There are 4 protein chains.
Amino acid sequence: MFIELNFKSTIPIYEQLKNEIIIGIAKGEISFGERLPSVRQLAGDIGINMHTVNKAYKQLEEEGFVSIHRQKGVVVNSEGPPTADKQYRLNLKTILKPMIANAFCRDIEQEEFVKIIEQIYVELEGRKNE
Amino acid sequence: MFIELNFKSTIPIYEQLKNEIIIGIAKGEISFGERLPSVRQLAGDIGINMHTVNKAYKQLEEEGFVSIHRQKGVVVNSEGPPTADKQYRLNLKTILKPMIANAFCRDIEQEEFVKIIEQIYVELEGRKNE
Amino acid sequence: MFIELNFKSTIPIYEQLKNEIIIGIAKGEISFGERLPSVRQLAGDIGINMHTVNKAYKQLEEEGFVSIHRQKGVVVNSEGPPTADKQYRLNLKTILKPMIANAFCRDIEQEEFVKIIEQIYVELEGRKNE
Amino acid sequence: MFIELNFKSTIPIYEQLKNEIIIGIAKGEISFGERLPSVRQLAGDIGINMHTVNKAYKQLEEEGFVSIHRQKGVVVNSEGPPTADKQYRLNLKTILKPMIANAFCRDIEQEEFVKIIEQIYVELEGRKNE
DNA sequence: GTGGTCTAGACCACA
DNA sequence: GTGGTCTAGACCACG
C-alpha cells in the first residue's frame, strides 16, 4: 500500500493517514488480521512524527477498524467497524449535501455525480479480487 | 432561508455558514441578483461574530458565488461560480474516496450510496420550482 | 475545587485528573454549563504539561461529561454522560469483582464494604446541597 | 477454576491473571495449602509468556496470598494475606471514589450500587460451600 | 520491540 | 486567548 500525504493541505496529516488506511482496508489491500507497521516504523518511513501516526491509529481503533495491542501492535479487525446506523447515514447526508450543492452550482448534474461515485466503487472493489 | 448552525461541531462556523448559503443558492431559495443580508445584520441575527460572517462572504466571493460591492452589498452572481473543470472534479473525487471507503467498510453498497446522492439532488431541485 | 495529584502513582496523571474532575462534577462543585480552566492555565496551575491536561479533557468529552469548543473552551455538559446501560453495569461488576475478592480475603465482610460505599455516596451528595 | 483472559483489554495480562487467582481463592475454589500449577505449565495451558505468569505469582507472594518454595512450588497460604489495615481501607476508598462518582453521574444511585456489591459477595460466598 | 505516558516548545485556525 | 496540530525526544510497562 502506498501512502501519499499532502503536507501543504489544510487536512491534518493524521486525518490523511487515516483516510489512506481506510481506503487500503476497503480495497482489501490490507487483509483482516494483518498487522499495520509499528508506530515508529511507519513514522520513520513516511517522515512524520511518531505521535501523528499514533493519533491516526488511535482514532482508527475508536472507529472499530483496528485493535491496538500493547505488544502485538496494531491489527486490522476482522469484523471491521460497526455497520452504518441511522445516525451514520444522517451524518453522511449532512456532509454530502453542501458538497453536492456546490457541484450542482458548477453544472455537475445528478448523472455525472453518480458516475463519479460508481467509478470510485469500481476502484475500491476492483482490486479486492486480485 | 433558515440558517442552522451547530456550535458544538468541529466544523468552523464560517464554513457551516458558507455551506448553508451555497445550499440556499443551489435550491434557488436565494435568487440570482438578490442581496444577502449585511455582515452586521446577519451576524446580529444569528448571534455570531462579524468577522465570521465576513470570512464566509469573502470566501463565497473568491469561489464566484457572490460579488461584494461597497454600496450594493453582497449580491448573488447571476452566472454563478465557474463551471467545474478537471481540477475541480479531481478534487471532488479525492474528497469522496475516503468517505466512500469508510461507508463501504460499514456495509453501504453502491446502490444505497447512489440513492442517497439522488435523494439530495431531489431535495435541491425540488424546491427550485416553488 | 482542589486537584490533588500523586506523581509517584502508577495511575497516569491524566487519569487522576479526569477522576478529580468527575468527582467535582458528581459533588456539584462544578455546575452544569460552567467552564473549566483553559488547557494551558490548568496545566500551569498544577505544574504539568498542557498535553496531559488536554488528554484528560478529550477523554472527558468522549465520555460525555464536557463539551470542547474551540473558542469558548471546555464546558460541563448539562445532560452529563449517558445513563448507565447494561454494558456499563457489566463492566462495573467486572472491575469490582477482583477488588471485592481481595478485600474479602483480608476479612472485609459485606457489611463493612457496603458501609464504605455509603460513606462515599454521603461525601458526594453532602456538598451538593451547599 | 477457569481462567479467562481478555487479550484485547488494556489491563495487563499478569494483572488479569492475578485477579482470577484471587477470585478463585476468595471463592474457595483453590483451597489453602493447595499447589498452583507450575509457571511453565500454566503459561503453556493459557498460551502466554512464562515471564507473565511469573510476575503474577511474585506479586501474589508479595501481597501474602501464596508462598513460593523452590521445591513445593507455589502454595496458597493458609493464613491468607494480612488483614486489612487503615492504609488498605484508605486506599480502597481512594480507588472506589472516582468509580462511584462516575456511576453517580450516570444515574446509578446508592441502592443500586450497594445491590451490585451484594451480588458479588453472594457470588463469592455461594460456591464456597460446594 | 511494542505502545503508553509525559514533557517542551512551536505554529496555526478560529472567533 | 482558545483549542488543534505537529515535532522531538525521553522514560516506562509489557511480554
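These values consider heavy atoms only, across backbone and side chains, with no hydrogens, waters or symmetry-generated copies. Owing to the predicted nature of the structure, the values given are computational and were not obtained by experimental measurement.
One distance of note links CZ of C:Arg40 with CG of C:Asn49; it measures 10.0 Å at 0.5 Å rounding.
For the segment residues 71-82 of chain C, residues with any heavy atom less than 4.0 angstrom from an atom of DNA chain E are, sorted by number, C:Gln71. Within residues 9-16 of chain C, the residues having any heavy atom under 4.0 Å from DNA chain E are, by residue number, C:Pro12, C:Ile13, C:Tyr14.
The side-chain heavy atoms of C:Val53 and C:Gln41, taken from C-beta on, include no pair separated by under 4.5 Å. B:Ile48 is listed as a side-chain neighbour of B:Phe7, based on a closest heavy-atom distance under 4.5 Å. Two residues are said to be in side-chain contact when any heavy atoms from C-beta on lie closer than 4.5 Å; D:Leu96 and C:Met99 meet this criterion. At least one side-chain heavy atom of B:Asn102 sits under 4.5 Å from a side-chain heavy atom of A:Phe65. Side-chain contact between B:Val74 and B:Ser67 is absent, with no heavy atoms from C-beta onward closer than 4.5 Å. D:Lys18 is listed as a side-chain neighbour of D:Glu63, based on a closest heavy-atom distance under 4.5 Å. By the 4.5 Å heavy-atom criterion applied to side chains, A:Ile30 and A:Arg35 are not counted as neighbours.
Nucleotides of DNA chain E nearest to A:Arg40 and C:Ile48 differ in position, and the one nearer the 5' end is that of A:Arg40. Nearer the 5' end of DNA chain F, as judged by each residue's closest nucleotide, is the contact made by C:Pro37, out of A:Arg70 and C:Pro37.
Between A:Thr52 and F:dT7 there is a side-chain N or O to OP1 or OP2 distance below 4.0 Å. Note on D:Lys55: a side-chain N or O is less than 4.0 Å away from OP1 or OP2 of F:dC14. OP1 or OP2 of E:dG4 has at least one side-chain nitrogen or oxygen of A:Asn54 nearer than 4.0 Å. At E:dC14, none of the side-chain N or O atoms of B:Asn49 fall inside 4.0 Å of OP1 or OP2 (strictly under the cut-off).
Spacing between atom CZ of A:Arg35 and atom C1' of E:dT2 amounts to 8 Å, rounded to whole angstrom units. The distance from atom CG of C:Leu42 to atom C1' of E:dT7 is 16 Å, rounded to the nearest whole Å. We find that NZ of A:Lys58 is positioned 15 Å from P of F:dC6, with the value rounded to whole Å. In this structure, A:Lys18 atom NZ and F:dC6 atom P are separated by 12 Å, rounded to whole Å. Rounded to whole Å, atom C1' of F:dG15 lies 14 Å from atom CD1 of D:Ile46. Distance B:Leu17 CG to E:dA13 C1': 17 Å, rounded to the nearest Å. Computed from coordinates, the A:Glu61 CD to E:dT2 C1' distance equals 14 Å when rounded to whole Å. In this structure, D:His51 places its NE2 atom 12 Å from P of F:dG15, rounding to the nearest Å.
Using a 4.0 Å heavy-atom cutoff across all strands shown, A:Met50 reaches at least one base atom of the nucleic acid.
Checked for salt-bridge contact, B:Glu61 and B:Lys58 miss the test: no charged N lies under 4.0 Å from a carboxylate O.
Pairing each heavy atom of A:Val75 with each of A:Gly33, the nearest pair is CG1-O, 3.4 Å.
Pairing of F:dC12, defined by two Watson-Crick or G-U wobble distances under 3.5 Å, is identified with E:dG3.
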